[in-house]
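These numbers come from a predicted model, not from an experiment.
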Amino acid sequence: AYWVARKDWDKCVKIGAPAVEPLIAALRDKNSIVRENAAKALGKIGDAHAVEPLIAAMRYENWRIRENAAEAEALVNIGSPAVEPLINVLKDQDEDKDVRRSAARSLVILYKSGSLDDRQKQNILALRDTIVGASRPHSDKREPPNCGHSDIPADIVEFPL
């Protein structure tokens with residue numbers, strides 16, 4: 001808690017597991033930079049106790065916090081314990097497209113990492129269409145560039161077959 005209060009994120013990471021609970025508490029700090037750095041530190045530590053709080057952080061208003069929670073290694077570094085909660089984000093059809101996209105990207109990274117067991121890989125593979133669909137930046141029936149949103153890239157998550 002001391003190093004979290006001092007905002008010394010590197011020390012928190014070095015300490016490891018004892019810093020997890022104070023870092024989880026810091027995910028609720030009023031300062032968005034503190035929340036962002038807490039998410040990064042939790043990802044570097046890679047403790048499974050941080051999965052649910054990081055999933056919750058994916059719903060925060062600040063996009064950097066969401067990104068650090070899901071894509072900037074946090075959930076990916078935690079590995080296999082993050083798979084089911086990320087799958088649940090997609091199955092529950094979270095209303096926030098950025099949350100769905102982040103969960104989808106994290107699942108693909110985990111799938112490609114080779115660190116998952118066969119059951120987890122099959123569970124992810126079963127959601128392939130949902131994962132690819134979650135990565136689309138909008139829901140028009142027409143695909144870019146003919147969709148009328150030329151300023152929005154076709155941000156499709158590539159997924160292995």
Side-chain angles (χ1 to χ4, degrees), residues 9 12-13 16-17 19-21 23-24 26-28 35-161:
W9 311 112
C12 293
V13 172
V20 170
E21 289 304 319
L23 287 167
I24 289 172
L27 288 173
R28 296 182 299 275
R35 295 190 308 263
E36 178 182 339
N37 284 305
K40 283 182 187 177
L42 284 166
K44 289 177 182 176
I45 293 170
D47 190 291
H49 291 96
V51 171
E52 290 302 327
L54 287 167
I55 294 282
M58 289 171 50
R59 294 178 174 88
Y60 289 173
E61 186 175 321
N62 184 297
W63 67 270
R64 286 186 181 170
I65 299 165
R66 290 195 311 260
E67 180 181 50
N68 286 317
E71 293 177 39
E73 301 171 359
L75 289 166
V76 173
N77 279 351
I78 292 171
S80 62
V83 171
E84 291 306 316
L86 287 167
I87 286 174
N88 290 337
V89 167
L90 291 179
K91 283 184 177 178
D92 294 343
Q93 293 295 311
D94 192 286
E95 66 278 358
D96 187 324
K97 66 179 171 56
D98 292 328
V99 172
R100 291 191 312 272
R101 186 179 305 132
S102 294
R105 286 182 178 152
S106 295
L107 284 167
V108 170
I109 292 167
L110 285 165
Y111 183 94
K112 291 179 176 181
S113 74
S115 64
L116 304 179
D117 63 36
D118 288 338
R119 181 188 56 80
Q120 289 173 317
K121 287 182 180 179
Q122 289 303 315
N123 288 343
I124 293 171
L125 195 57
L127 291 171
R128 185 180 189 283
D129 290 341
T130 303
I131 289 170
V132 172
S135 69
R136 296 182 188 272
H138 59 291
S139 60
D140 289 356
K141 293 185 190 294
R142 296 178 292 160
E143 295 296 319
N146 299 322
C147 64
H149 298 282
S150 59
D151 58 325
I152 300 175
D155 187 18
I156 307 301
V157 173
E158 291 184 24
F159 192 85
L161 294 175

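- A 6.0 Å sphere centred on CG of Asp117 holds more than 12 heavy atoms belonging to other residues, nucleotides or ligands.
- Applying the salt bridge (charged side-chain N to carboxylate O under 4.0 Å, His left out) criterion to Glu52, with sequence neighbours excluded, gives no partner residue.
- By the 4.5 Å heavy-atom criterion applied to side chains, Asn37 and Lys40 are counted as neighbours.
- Ala82 and Leu75 make their closest contact through CB-O, 3.5 Å (heavy atoms, listed as atom of the first residue, atom of the second, distance).
- Listed here is the closest heavy atom pair of His49 and Ile24: O-CD1, 3.7 Å.
- Minimum heavy-atom separation, Ala41 to Trp9: CB-O, 4.4 Å.
- With sequence neighbours excluded, the residues forming a side chain to side chain contact (heavy atoms under 4.5 Å, CB included) with Ala19 are Cys12, Ile15, Leu23, Ile45, listed by chain and number.
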Intermediate values then yes/no, side-chain contact (heavy atoms from CB on, under 4.5 Å), Ile124 and Leu116: CA-CA 10 Å; Ile124 293 171; Leu116 304 179; 3.6 Å; yes

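- Inter-residue side-chain proximity for Leu42 and Asp47 is flagged as unmet; no heavy-atom pair is nearer than 4.5 Å.
- For the pair Val83 and Leu107, the tightest heavy-atom approach, listed with the atom from each and the gap, is O-CD2, 3.9 Å.
- The OG atom of Ser102 lies 10.0 Å from the CD1 atom of Ile55; values are rounded to the nearest 0.5 Å.
- For Glu84 and Lys91, the salt-bridge test fails: no basic side-chain N is under 4.0 Å from an acidic carboxylate O.
- Pairing each heavy atom of Ala50 with each of Ile78, the nearest pair is CB-CD1, 4.1 Å.
- Applying the side chain to side chain contact (heavy atoms under 4.5 Å, CB included) rule to Ser113 yields the partners Ser115; only residues at least two apart in sequence or on another chain are considered.
- Here the CG atom belonging to Asp118 is positioned 9.5 Å from the CD atom belonging to Gln120, to the nearest 0.5 angstrom.
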Chi angles and distances behind the side-chain contact (heavy atoms from CB on, under 4.5 Å) call for Leu125, Gln122: CA-CA 5 Å; Leu125 195 57; Gln122 289 303 315; 4.3 Å; yes

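- Ala39 and Leu27 get closest at one heavy-atom pair: N-CD2, 3.7 Å.
- Between the side chain of Asn77 and the backbone N or O of Gly43, at least one donor-acceptor pair lies under 3.5 Å.
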